[in-house]
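Numbering starts at 1 and runs along the sequence shown. We count ligands from 1, going down the list as the structure has it; atoms in each ligand are counted the same way.
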Amino acid sequence: MRPISKSILAAGVAAAALLGTNFAASAQEVIKFAHVVAPNTPKGQGAEFFKKRAEEILGDKVKIEVYPNSQLFDDSKVLAAILRGDVQFGAPSLAKFGKWTKKLQVYDLPFLFKDMDAVSCFQNGEKGQELLGSMSSKGLTGVGYWHNGLKQLSANKPLRMPTDAEGLKFRIQSSDVIAAQFEAVDAVPQKMAFSETYSALQTGVVDGQENTWSNIYSKKFFEVQDYISESNHGLLDYMVVTSTKWWEGLDPEIREGLAQAMTEASEYANNLSADLTAEQRQAVIDSGETEVLQLTDAEFAAWRDAVKPVWNEFADDIGQDIIDAAAACN
Ligand code: LMR
């Protein structure tokens with residue numbers, strides 16, 4: 001056998017080292033999580049917590065990159081991006097899934113949940129858990145629910161009765177149920193990206209909007225709206241989603257570590273949301289930039305009556321069994 005020359009050996013060692021390096025690099029899963037809100041929100045904090053825990057549990061095997069504030073994708077693009085593999089996790093509001101499944105529209109029905117405990121009851125129950133799989137035929141898996149909170153109604157005029165909203169234009173999320181809710185009070189809904197809302201309110205493209213205290217505070221909507229009615233008339237929560245193919249193709253150790261981090265992050269975000277909501281609601285009131293209106297029982301009843309027909313309108317699409325299970329949590 002001919003002796004292997006020193007230079008061939010050296011080249012071999014160098015190649016192996018290179019291969020080793022590449023192997024190490026490709027063994028690390030770089031995982032992107034894109035969302036549209038600010039970091040100081042329940043979803044923003046939940047995503048950061050998920051990153052921290054996943055990297056603690058899995059060490060160098062994963063690197064989680066969180067992209068807040070619509071930096072990477074807005075909600076109209078993120079689900080297709082997940083399917084393409086351009087991003088691995090997103091957490092759109094439950095109002096943004098209409099193109100993918102009609103069942104999640106349940107979450108947009110006005111005055112469906114009396115408080116966030118009722119929301120947790122439904123999400124943790126049988127029907128709520130089933131809904132995590134409602135987009136399986138589209139290749140998307142829901143891996144958890146994260147709370148934001150109940151929505152408030154704002155405009156540049158006081159909205160006490162449904163008739164006060166007549167003819168006003170409201171920025172809404174991309175949900176047909178929310179559009180029907182505003183149409184039921186003869187207002188004009190305009191679907192619009194979250195990132196465009198502040199300037200649409202500021203320039204008068206729309207007259208009002210509905211959102212949670214956390215989003216109203218962190219995106220400064222209160223600075224460009226004279227009145228906020230504390231209506232708690234609907235829910236804005238999230239489903240954290242990923243690609244089924246990617247998730248199932250992961251090394252089992254990585255998938256289990258991520259699932260563990262996700263469970264902990266969901267618990268963290270869901271516990272945090274109530275405190276952040278209370279804190280940021282108070283900050284909006286203290287700012288003195290807007291007037292927060294409390295509705296009387298009669299005013300609440302008038303809003304409830306005006307928008308209740310929306311439930312029937314969407315019952316077939318959603319499924320009456322799902323609506324009943326949600327209502328039973330009150
Ligand atoms: C909105 O568009 O108002 C919300 O869905 C934003 C968010 O993610 O909370």
Notebook entry, point to check: Hey, does His35 sit under 4.0 Å from ligand 1 if you only count heavy atoms?
Noted result: no
Note to self: Applying a heavy-atom cut-off of 4.0 Å, say which part of Leu236 lies close to ligand 1: side chain, backbone, both or neither.
What the structure shows: side chain
Margin query: Which of the numbered atoms in ligand 1 are under 4.0 angstrom from any heavy atom belonging to Lys96?
Written below: 1 (C), 2 (O), 4 (C), 5 (O)
Check: So, are Glu65 and Lys63 salt-bridged, with charged N and O less than 4.0 Å apart?
Finding: yes
Checklist line | Qualifying disulfide bond (SG atoms under 2.5 Å apart) pairs with a residue from residues 263-330, counting only residues at least two apart or across chains | finding: Cys121-Cys329
Next item on the list: Before giving the answer on ring-ring contact (aromatic ring centres under 6.0 Å, His included), spell out for Trp246 and Phe89 the whole-Å C-alpha distance, their side-chain angles and the decisive distance to 0.1 Å.
Entry: CA-CA 10 Å; Trp246 175 77; Phe89 289 102; 5.7 Å; yes
Notebook entry, point to check: At a non-hydrogen distance cut-off of under 4.0 Å, which region of Asn211 contacts ligand 1 (side chain, backbone, both, or neither)?
Noted result: side chain
Next item on the list: Among all protein heavy atoms, pick the one closest to atom 5 (O) of ligand 1 and tell me residue, atom and distance.
Entry: Gln173 OE1, 2.7 Å
Note to self: Given Gln152, which partner from the list Asn232, Thr212, Asn215 fulfils the side-chain hydrogen bond (donor to acceptor under 3.5 Å, both in side chains) test?
What the structure shows: Asn232
Next item on the list: Classify the contact between Arg171 and ligand 1 as side chain, backbone, both or neither, using a heavy-atom distance cut-off of under 4.0 Å.
Entry: side chain
Margin query: For ligand 1 and Asn215, I'd like to know whether there is a polar contact (N/O to N/O, distance under 3.5 Å).
Written below: yes
Next item on the list: Flag the pair Lys169 and Asp207 as a salt bridge only when some basic side-chain nitrogen lies within less than 4.0 angstrom of an acidic carboxylate oxygen.
Entry: no
Notebook entry, point to check: At what distance is the nearest protein heavy atom to atom 9 (O) of ligand 1, and which residue and atom is it?
Noted result: Tyr238 OH, 2.5 Å
Checklist line | Subset of ligand 1 atoms that lie under 4.0 Å from at least one heavy atom of Ser93 | finding: 5 (O)
Check: Taking the non-hydrogen atoms of Lys43, is any one of them nearer than 4.0 angstrom to ligand 1?
Finding: yes
Item checked: Proximal ligand 1 atoms for Val36, defined as those under 4.0 Å from one of its heavy atoms -> 6 (C), 7 (C), 8 (O)
Note to self: Is it the case that the ring center of Tyr67 lies less than 6.0 angstrom away from the ring center of Phe73?
What the structure shows: no
Note to self: Counting the benzene-type ring for Trp, do Tyr107 and Phe122 have ring centres under 6.0 Å apart?
What the structure shows: yes
Check: Under the ring-ring contact (aromatic ring centres under 6.0 Å, His included) criterion, do Phe222 and Tyr227 qualify, and how do the steps go?
Finding: CA-CA 8 Å; Phe222 67 98; Tyr227 298 94; over 10 Å; no
Next item on the list: For Glu210 and ligand 1, answer yes if some heavy atom of the residue is under 4.0 Å from a ligand atom, otherwise no.
Entry: no
